[in-house]
Amino acid sequence: MNEMTPPKTERAAALKGLGSARKRVEDARFTQGKGNYVDDLKMPGMLFGDFVRSPYAHARIKSINADKAKAIPGVVAVLTADDLRPLNLHWMPTLAGDKQMVLADGKVLFQGQEVAFVVAEDRYVAADAVELVEVDYEELPVVVDPFKAQASDAPVLREDLEGNMEGAHGPRRHHNHIFTWEQGDKDATEAVVGSADVVAEEMVYYHRTHPCPLETCGCVASMDKVNGKLTVWGTFQAPHAVRTVASLISGIAEHNIRIISPDIGGGFGNKVGVYPGYICSIVASIVTGVPVKWVEDRMENLMATAFARDYWMQGKIAATKDGRITGLWCHVTADHGAFDACADPTKFPAGFFNICTGSYDIPTAYLAVDGVYTNKAPGGVAYRCSFRVTEAAYFIERMIEILALKLDMDPAELRAKNFIRKEQFPYQSALGWEYDSGDYQTAWDKALKAVDYEGLRREQAERVDAFKRGETRKLIGIGLTHFTEIVGAGPVKNCDILGLGMFDSCEIRIHPTGSAIARLGTISQGQGHATTFAQILASEIGIPADDITVEEGDTDTAPYGLGTYGSRSTPVAGAATAMAGRKIRAKAQMIAAYLLEVHDDDVEWDVDRFVVKGAPQRFKTMKEIAFASYNQAIPGVEPGLEAVSYYDPPNMTYPFGAYVCVMEVDVDTGEADIRKFYALDDCGTRINPMIIEGQVHGGLTEALAIAMGQEIAYDELGNVKTGTLMDFFVPTSWETPYYTTDHTVTPSPHHPIGAKGVGESPNVGGVPAFSNAVHDAFRTFGLTHTHMPHDHWRIWKIAHDLGL
Ligand code: PCD
């Protein structure tokens, strides 16, 4: 260093690297209305598509007459399954190895199903024409209950599969049965449960809900007949996967397909799957030779695109008298709707539900999941959770509370007694996972202390006394949760979707003047990747984050990757970014050594430069090295400074957290007032604490929604009762409580910078915390368990049924 060199800390701060609460660079555009979403795209001659959808949940289609629709000026075409059949595109593969009708082929299986696709010169003309398409339906008996679906006399839903007793995930034992997935040791678990001191048993239902992103799903497909190239701009969470699948099913060579995800207004898992709208737009563009846009409306989004949850979880948890858990048994009935379109890695038909032993050292466990067809929309996406982890966390955190009741033990103490201990990591769980790292007790102690847990329990007991004396009508509920997430799919050897291995990637180019562009295989939907990935790089290569552009979502330019969902971007693409940065640094080291006329080993890295060991006044900054890399002939070294890394993670990462929700429940109105919500998250090394806090706030608010009111409900006839935002609860700032966030840091031992994912954690931990608080309020009045969502009416009903 020389006298001009600022101190290390100052230089590091200027980079705005790891740990900096750097402001989100993307917000300059978003807050000024300068975002660029699919529906903003306008192209000359562009046509618009709109669907005729089924009003029935189960019906045979006797005929479709589009004559009146076609007669409207401006209507260009009306596509039905018969038009797609010659192209073999009337059905499409789903992510779960099943197939799904693109347009109704002989029958419809859920309300809102796509029946015909109208293409017109104007969006409103298309909508008018939809009204005029005459479809003659013959109603069939409807099944919305997954248990009734398995009765011997239940109607056959999937006639295309009749007689086919072998599914994508093994044998089917009934015409509406999809698969059985088993994990763990059945005999041993049943023996433990059969002879335990105490067994708590319950049916825990996690209701059907929907990610409901602010922007609905849509695309613009444009087939350029001159050069044979198909470009599709769409709301895709996994653009490269879409390209490969589109190539495989259309026969168009992959280099002739370009998929672009522009700005995305929230994904939450809703934009992982493949929807009929994409296929129809592509076909329509190929047929007409002009671009075709399809953007669904809110009702279509809620009724027909990927739902989440709908898991019936029967559990038995066994323990000794003093509260040591000895075994966990679980059977899930999974309602997958009309087609199995769940977005899960191939080997995991119920996602990572086998993380359901949670944060606890449970020696013996067994899990079986049965997937079932019903007359509901397909989907089964990880709505802010890694492939069914939220269901698993809800299940175990409810079972723990129920066991505590049965043992008459404090639920905080029961948890602490059974935590996997710090020294047990890496920990092998009974259902097959290797947890990478954790320190649950430290987090738990910190959380209980922060909320004054004992004080809260005293206050709660006083309140119960006052209630009994008739002095108040409000009870206090304390909702505890300690959750463990599993995020970052891969590794490739375990995880693929439709055969595509789940690695991820980053490619970096340093420009001669020392700024850079990094491209990744992931795609931000609001998470702030342009901000945070630049921070990882800044720390790795010593170039200020402000001088690094991050670009995602264009398959013609970005390296191949499997996209953003399951909080996998940080664990996988984030790791690729660090690794690519290290390759840059390795080359920079050679260049620096040459310029400084010393051996490679005689220079060392110092924040933003290489210095000669023992001679700190002799150095080359990254800026100087970048310039030299392009403009100076260096013997044995290629010009340029760029690197690419494809990263196959050795394991997943296991973030965790300790949440406490304090709620006041009014027994007369059923209103629940959230007085306090404390969320401690441990996501290992923290890249950007401000973004993490934002992620936690968002995830908690979605958890609040799900636990307290959000639901896709069906009536007996399969009508969606909550298909608009009048009925489907999306919290506004009015319903959203104040959150207190906190953290501990237990780095992932296998991730290059020690980071774990965080985006999903607050939803995974939040739902049980809210729900446990409701249950806890009625704990001393004999409530064991009740189903979510805990809307005012249902809470009032609990109190009413308990005679309060
Ligand atoms: N981070 C940091 N640090 C750490 C971690 C993380 O800083 N340690 C940050 C990062 O960078 C980013 C974020 O945070 O930015 C997140 O991350 P993650 O966790 O990794 O994740 P991702 O992958 O990126 O993303 C995903 C997620 C999910 S899954 C979801 S649902 C959601 C979340 O994300 N979504 C969303 N969040 C969000 N946000 C927003 N705004 N939007 C959206 O849409 Mo799924 O599966 O899909 O269901």
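Atoms within a ligand are numbered from 1 in the order they appear, just like the ligands themselves.
Of all the atoms in ligand 1, the ones that sit under 4.0 Å from a non-hydrogen atom of Thr564 are 22 (P), 23 (O), 25 (O), 26 (C). Counting atoms of ligand 1 from 1 in the listed order, those under 4.0 Å from a heavy atom of Ile691 are 9 (C), 14 (O), 15 (O). Within ligand 1, counting atoms from 1 as listed, the ones closer than 4.0 Å to a heavy atom of Gly269 are 45 (Mo), 47 (O), 48 (O).
Note on ring orientation: taking the six-membered ring where Trp is involved, the planes of Tyr206 and Tyr394 are perpendicular (angle over 60°, cut-offs 30° and 60°). Classification of the Phe425-Tyr440 ring pair by plane angle, with boundaries at 30° and 60°, yields perpendicular. Below 30°, between 30° and 60°, or above 60°: for Tyr205 and His207 the angle between ring planes is above 60°, a perpendicular geometry.
Within 6.0 Å of the CG atom in Leu725, the count of heavy atoms belonging to other residues, nucleotides or ligands exceeds 12.
When the salt bridge (charged side-chain N to carboxylate O under 4.0 Å, His left out) test is applied to Lys583, no partner is found at least two apart in sequence or on another chain.
Between the CZ atom in Phe656 and the NE2 atom in His482 there is a gap of 6.0 Å [rounded to 0.5 Å].
Residue-to-ligand polar distances keep Gly757 apart from ligand 1: every N/O pair is separated by 3.5 Å or more. Residue contacts with ligand 1: Gln237 is placed with a nitrogen or oxygen under 3.5 Å of a nitrogen or oxygen of the ligand (distance criterion only). The shortest N or O to N or O distance between Ile687 and ligand 1 is under 3.5 Å. Considering backbone and side-chain N/O of Phe268, one or more are found under 3.5 Å from N/O of ligand 1. Every N/O-N/O distance between Gly266 and ligand 1 stays at or above 3.5 Å. Considering backbone and side-chain atoms together, Pro571 places no N or O closer than 3.5 Å to any N or O of ligand 1. Residue Glu760 has at least one nitrogen or oxygen atom sitting less than 3.5 Å from a nitrogen or oxygen atom of ligand 1, judged on distance alone. Checking only distances, Gly526 does come within under 3.5 Å of ligand 1, N or O to N or O. Backbone and side-chain nitrogen or oxygen atoms of Gly267 are examined, and one is located within less than 3.5 angstrom of a nitrogen or oxygen of ligand 1.
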Enumerate donor-acceptor pairs with a distance under 3.5 Å from any side-chain N or O in residues 575-582 to protein atoms, sequence neighbours excluded.
residue, atom, partner, partner atom, Å
Thr577, OG1, Ala573, O, 2.7
Arg582, NE, Glu540, OE1, 3.1
Arg582, NE, Glu540, OE2, 3.4
Arg582, NH2, Glu540, OE2, 3.0
Arg582, NH2, Pro752, O, 3.1

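Considering each of Thr685, Val758, Thr570, the one bringing a non-hydrogen atom nearest atom 8 (N) of ligand 1 is Thr685. The residue among His751, Gln695, Glu693 with a heavy atom at the shortest distance from atom 33 (C) of ligand 1 is Gln695.
Contacts between Tyr383 and ligand 1 below 4.0 angstrom, taking non-hydrogen atoms only, involve the backbone exclusively. At a heavy-atom cutoff of 4.0 Å, ligand 1 is contacted by no atom of Pro211, backbone or side chain.
Atom 11 (O) of ligand 1 has its closest protein heavy atom at Thr532 OG1, 2.7 Å. Ranking protein heavy atoms by distance to atom 26 (C) of ligand 1, first place goes to Gln527 NE2, 3.4 Å. If you check which protein heavy atom lies closest to atom 45 (Mo) of ligand 1, you get Ala382 O, 3.2 Å. In terms of protein heavy-atom proximity, atom 24 (O) of ligand 1 is nearest to His529 NE2, 2.6 Å. When only non-hydrogen protein atoms are considered, atom 4 (C) of ligand 1 lies nearest to Lys756 O, 3.6 Å. The closest protein non-hydrogen atom to atom 22 (P) of ligand 1 is Ser569 OG, 3.5 Å. Looking from atom 42 (N) of ligand 1 to the surrounding protein, the closest heavy atom is Gln525 O, 3.5 Å.
For Arg22 and Asp546, the salt-bridge test passes: some basic side-chain N is under 4.0 Å from an acidic carboxylate O.
When atom types are taken as modelled, the side chain of Glu397 and the backbone of Ser771 share no donor-acceptor pair closer than 3.5 angstrom. Proximity of a side-chain donor or acceptor of Glu296 to a complementary backbone N or O of Cys217 within less than 3.5 Å is detected.
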*Determine, step by step, whether Phe677 and Phe770 satisfy the ring-ring contact (aromatic ring centres under 6.0 Å, His included) criterion, reporting the C-alpha distance in whole Å, the side-chain angles of both residues, the deciding distance to 0.1 Å, and the verdict.*
CA-CA 9 Å; Phe677 200 107; Phe770 288 111; 4.8 Å; yes
*Could you go step by step and tell me if Val332 and Phe395 meet the side chain to side chain contact (heavy atoms under 4.5 Å, CB included) rule?*
CA-CA 10 Å; Val332 180; Phe395 168 73; over 6 Å; no
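The distance between the ring centers of Trp433 and Phe352 falls below 6.0 angstrom.
Geometric assessment of Arg568 against the ring of Tyr565 yields a positive cation-pi assignment under the 6.0 Å and 45° thresholds.
The shortest separation from a heavy atom of Ser761 to ligand 1 is not under 4.0 Å, leaving the residue out of contact.
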